[in-house]
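A short write-up of the structure that comes next.
Note that ligands are numbered from 1 as they come in the structure, with each ligand's atoms numbered from 1 the same way.
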Amino acid sequence: MNAPTPPWWQTAIIYQLYPLSFQDSNGDGMGDLPGILGRLDYLASLNISAVWLSPIFPSPMRDFGYDVADYTGVHPWFGTLSDFDRLLKGLHSHGMKLILDLVPNHTSDQHPWFLESRRSRINLKRDWYLWRDPAPGGGPPNNWLSFFGGPAWSFDKVTGQYYLHQFTPEQPELNLRQAAVLGALLDAMRFWLDRGVDGFRVDVPWLLIKDAEFRDEPENPNWDGIDPHGRLLHNRTAHQPELHAIVRAMRTVTDSYPGDRVLIGETNVPDDELVQYYGTARDEFHLPFNFRLIYARWDAREIRRLIETYEAILPQDAWPNWVLGNHDQPRIASRAGADQARVAAMLLLTLRGTPSCYYGDELGMENVTVPRERMRDPQALRQPEAAGVFNRDSARTPLPWDGLANAGFTREGVEPWLPLGGDGPIRNVARQSEDSQSMLAFFRTVTSLRQRHPALNRGDYESVETAADGIFAYTRAAGGQRILIVLNFACCEHLLDLSELADGAEILLSTGMQRTGRVELRRLRVLANEGLVLHL
Ligand code: NOJ
């Protein structure tokens, strides 16, 4: 009997695209939807299954779209709703899905709901946000902190109360204990689902509900003394049990549409909490994002340990997923080192579980140094340099398309919204497309392998003992097919004896793209920083 066909998002490769930095079509220095539409062939050539767009909604852009002023529109920087419809149609006709960002925890302070809410204490939308009186002696109502520095409360003179915001003060937090607020957000989901989007990535779900009594948070005894937000333990603002009912409501809406729409959570939380976001009846997120690879020390033993731990704690019927980079984190080629960029991509794209790739990593893009005067990221700008906060701009810079002016991202003479990396003339799509051994060529080959081989896109996972320091190996198997992956995290060559698995194997792909043919597993040579995919 044939195994049932899994839903598309289990065998999918997700590609996160940062719309401001993908392709400018109208010469304003910012990427837009028509720009993406003009690059559909490129997206299709990456063998990805779905594009996740970071927010494209009307917004004052205090947090680059994560401050939404209208959940059912398109910011003019990106184009119009008709451009959106064209893009959705174009992606679908190229065999790709579209996932949108949903930001339910907070709105912009320019959202009509907040404008109403702040008008008076008796306004009908007053309770849509979290308003509190000052503390008895004056000052913020409690000690809660913003992730972006300073207190999580801002005072509003008009009504003499404070409102809560855990990001910028221009991102007031919604009161999701109010059924009408949840109802309005679910309606926004329906708006996009009706248009045909294939799912959502939900922003900061672990923050959706706060302590009903607004109690202080305790000091963190293990504080590193550097990260200002880490000074407290966030047991009153994060991971409150009532939030799961909200995620379930979002899932119910998602599931009420045909075609296996997907609900993904930005679950930036510890292991024991992460698994809870699948829901006790697997009725919450299909994919609670797993950021283990983002925070991992880049070391073979460490990576193996975290993969095995994650595999072991996954509840029954919970589908795994892996994220290697996103718009909030240093780029993988900078984190792991340029020499390890291919090994990292091979790892992400051969693990069990849906991989999420970040735009530009297919070229091996590195963090770009953004001078202070061009910095945009509110997280970095609002905190002292000494706090060592990562400037997220560095990982959000324009994609270099070619070696021409402005790397083909925007017109000549226009200043791109963030600076291009200095290596654009060498590291760009056009140049790498001509080179059959480039990072881009490698990326396309490994995605194509994953898409073609059930062992890779849905097969079982098993670690392999190698006794070699710096090597991590595992097999993936499905329907009688067995694939071995050997990754060298070290910068020295290794000779391995893996003859317990088989006598020989066929190289399907090497990170350098030069090695092919059959190899003997009794004496398997793995070059420095090399990864191999082998058919057993
Ligand atoms: C998480 C998003 O990924 C990040 O970019 C944003 O600043 C915060 N949530 C606030 O929405």
Side-chain angles (χ1 to χ4, degrees), residues 14 16-21 52-71 75 99-111 114 129-130 144-150 152 154 163-174 176 185 188 200-210 227-229 234 237-239 243 247 264-269 274 277 285 287-291 294-295 321 323-331 356-359 367 370 375-383 389-397 417-418:
I14 297 173
Q16 181 191 356
L17 186 160
Y18 200 70
L20 274 177
S21 283
W52 151 33
L53 292 184
S54 290
I56 53 162
F57 317 108
S59 157
M61 294 286 173
R62 293 308 187 103
D63 190 18
F64 293 92
Y66 287 96
D67 47 330
V68 179
D70 172 4
Y71 285 99
H75 191 294
I99 297 168
L100 284 183
D101 228 297
L102 179 75
V103 190
N105 180 64
H106 43 270
T107 66
S108 157
D109 64 347
Q110 298 306 308
H111 195 294
F114 189 69
Y129 292 84
L130 295 158
W144 296 355
L145 296 172
S146 160
F147 286 90
F148 289 179
S154 282
Y163 66 88
L164 182 75
H165 57 81
Q166 294 184 77
F167 297 94
T168 70
E170 293 84 10
Q171 289 165 292
E173 305 222 356
L174 285 162
L176 276 141
L185 291 166
F200 297 97
R201 169 271 191 194
V202 179
D203 194 63
V204 294
W206 78 99
L207 300 177
L208 289 177
I209 291 282
K210 314 0 141 167
D227 166 27
H229 188 256
H234 303 292
T237 49
H239 203 57
L243 70 83
V247 180
I264 303 174
E266 188 217 10
T267 37
N268 202 350
V269 297
L274 179 64
Y277 287 84
F285 291 117
L287 301 174
F289 262 158
N290 158 19
F291 294 126
I294 285 194
Y295 298 120
N321 72 83
V323 184
L324 194 57
N326 67 30
H327 62 295
D328 294 329
Q329 302 293 338
R331 283 199 179 266
S356 178
C357 311
Y358 186 51
Y359 89 98
N367 293 340
V370 177
M375 267 172 68
R376 304 271 202 151
D377 175 16
Q379 181 175 17
L381 282 171
R382 290 176 52 82
Q383 299 187 70
V389 173
F390 174 63
N391 173 16
R392 299 178 299 175
D393 296 333
S394 310
R396 299 175 175 180
T397 57
W417 81 286
L418 279 179

Run the numbers for me: atoms of ligand 1, each under 4.0 Å from some heavy atom of [X], listed by number.
X	result
Arg201	2 (C), 3 (O)
Glu266	1 (C), 3 (O)
Arg392	4 (C), 5 (O), 6 (C), 7 (O)
Phe148	7 (O)
His106	10 (C), 11 (O)
Arg396	5 (O)

With no hydrogens and no angle check, is any side-chain donor or acceptor of [X] less than 3.5 Å from a backbone partner on [Y]?
X	Y	answer
Gln171	Thr168	yes
Asp393	Asp377	yes
Asp67	Met61	yes

Part of [X] within contact of ligand 1 (heavy atoms, under 4.0 Å):
X	value
His165	neither
Gln379	neither
Arg62	neither

Centres of the Trp52 and Phe289 rings: under 6.0 Å?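 Yes, the ring of Trp52 comes within the 6.0 Å limit of the ring of Phe289, centre to centre.
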Check: Phe167 ring centroid to His106 ring centroid under 6.0 Å: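 For Phe167 and His106, the ring centres are under 6.0 Å apart.
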Compare Asp328, Asn268, Asp377 and give the one whose heavy atom is closest to atom 5 (O) of ligand 1.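 Selected option, by shortest heavy-atom distance: Asp328.
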So do Val202 and Pro104 actually touch side chain to side chain, heavy atoms under 4.5 Å?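 Yes, their side chains come closer than 4.5 Å.
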Starting from [atom], which protein heavy atom do you reach first, and at what distance in Å?
atom	answer
atom 1 (C) of ligand 1	Asp203 OD1, 2.9 Å
atom 8 (C) of ligand 1	Phe167 CE2, 3.7 Å
atom 7 (O) of ligand 1	Asp63 OD2, 2.6 Å

List the atom of Ala395, the atom of Phe390, and the distance in Å for their closest heavy-atom pair.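 Taking Ala395 first and Phe390 second, the nearest heavy atoms are CB-CZ, 4.2 Å.
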Qualifying residues under side chain to side chain donor-acceptor pair (under 3.5 Å), relative to Gln166, sequence neighbours excluded: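 With neighbours one apart ignored, the set is Glu173.
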Determine whether the side chains of His234 and His229 contain a donor N or O and an acceptor N or O closer than 3.5 Å.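 His229 and His234 do have a side-chain donor-acceptor pair below 3.5 Å.
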